[in-house]
Amino acid sequence: MSSPSEIAQRWQQLNSTVAAAARASDRDPQDIRILAVSKTFPLTAVEAAWAAGARHFGENYVQEGVAKIAACTLADVVWHYIGPLQSNKTRQVASHFDWVHTIDRLKIARRLHEQRPAELPPLAVCLQVNISADPNKAGLAPDAVAALAEEVATLDRLQLRGLMTIPAADQSAAALQQDFARMAELFRQLQTEHPQVDTLSMGMSDDLTLAIAAGSTCIRVGRGIFGDRPRQG
Ligand SMILES: *Cc1c(COP(=O)(O)O)cnc(C)c1O
């Protein structure tokens, strides 16, 4: 388990890496959000990252995420659900999270819309795209994005914010770059239809520089902030 000062040090280091990657592509570092993926890490780790400056946190498991959110007393924290989502868990997610990155079916979107509590602002959502056509990964085919986006945009308890992807892991840098470029193109197309779209959630510890060069606005990093996982997630 990492100490608060180790977490703070990694957070600073990661910010420098992101800023350098942004400047290398003539981008403003401010336009790239770092989502601290706190799945499997305790609330004390979230508190340490928050003290270092992190405000956006990502969780993959509904039960664990909801428990952490309920116990968290920090100000201005934004919670992102980035895990697979089944119908029987949508109510918990709609009631506790601010964002969901993993929408790939209308049925799930409709349930989140129906279950989002009236006193909360609309749930911010991204559509997950299976850009590498990886049979082991969730997500829409690229040519299915426009139709689902149109449906989601009619659900007023959701706010369509963009796209998310997890490319296949075992690719060459060239293939990965191609996937990221295709995501950026899909993202631009989506923005022409839906001007409120502002989020391209793409890039993790090992590929964040390539993702930023391609136009990512949100990288998702866990171990690069919190250290190795206490248990396998
Ligand atoms: C776990 C996870 C991450 C972060 O992975 P690390 O290996 O902890 O950096 C990013 N995105 C998604 C969707 C994840 O599930």
Side-chain angles (χ1 to χ4, degrees), residues 1-2 6-18 21 32-46 48-50 52 54-69 78-86 89 93 97-105 108 123-140 161-171 176 179-180 183 187 199-212 214-233:
M1 180 57 209
S2 299
E6 285 169 326
I7 290 173
Q9 223 163 45
R10 288 201 204 90
W11 173 257
Q12 295 309 336
Q13 178 61 49
L14 180 61
N15 274 269
S16 307
T17 303
V18 167
I32 299 145
R33 166 178 296 159
I34 300 174
L35 184 53
V37 180
S38 46
K39 67 175 180 217
T40 76
F41 296 105
L43 188 56
T44 51
V46 169
W50 185 91
R55 291 295 179 271
H56 291 262
F57 292 89
E59 291 284 335
N60 277 59
Y61 308 104
V62 175
Q63 218 175 338
E64 180 196 344
V66 165
K68 230 175 270 179
I69 293 168
V78 182
W79 292 99
H80 298 243
Y81 187 73
I82 62 172
L85 189 45
Q86 269 124 34
K89 300 279 175 64
V93 169
F97 282 85
D98 304 297
W99 284 71
V100 174
H101 289 226
T102 48
I103 305 282
D104 64 0
R105 284 180 291 158
I108 296 291
L123 183 65
V125 299
C126 293
L127 307 185
Q128 183 175 354
V129 182
N130 187 359
I131 197 65
S132 315
D134 182 340
N136 300 316
K137 287 207 162 66
L140 294 159
R161 295 292 292 273
L163 300 176
M164 179 272 213
T165 197
I166 310 172
D170 53 355
Q171 304 191 84
L176 193 58
D179 280 355
F180 284 159
M183 281 300 300
F187 178 60
T199 301
L200 179 55
S201 170
M202 166 170 108
M204 297 164 56
S205 304
D206 297 333
D207 57 17
L208 62 90
T209 301
L210 287 182
I212 289 168
S216 169
T217 71
C218 177
I219 58 161
R220 307 179 307 265
V221 178
R223 287 168 300 150
I225 298 168
F226 298 110
D228 286 332
R229 294 227 153 68
R231 59 183 162 85
Q232 202 47 46

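Any value given below was found using the heavy atoms of this structure, including those in side chains, with hydrogens, waters and symmetry copies removed. Order of listing sets the numbers, starting from 1, for every ligand and every atom in it.
Contacts of D206 classified as side-chain contact (heavy atoms from CB on, under 4.5 Å), with partners at least two apart in sequence or in another chain: none. For K137, the salt bridge (Lys or Arg N to Asp or Glu O under 4.0 Å) partners two or more places apart in sequence, or in a different chain, are D134. The side-chain contact (heavy atoms from CB on, under 4.5 Å) test applied to A8 returns A52, not counting sequence neighbours.
S132 places no side-chain N or O within donor-acceptor distance of the main-chain N or O of P167, the cut-off being under 3.5 Å. K68 places a side-chain N or O within 3.5 Å of a backbone atom of F41 that can act as its donor or acceptor partner. The backbone N or O of Q128 lies less than 3.5 Å from no partner atom in the side chain of T102, so there is not a single donor-acceptor pair.
For ligand 1, the 4.0 Å heavy-atom shell contains residues V37, K39, N60, I82, M164, I166, M204, S205, R220, V221, G222, R223, R229.
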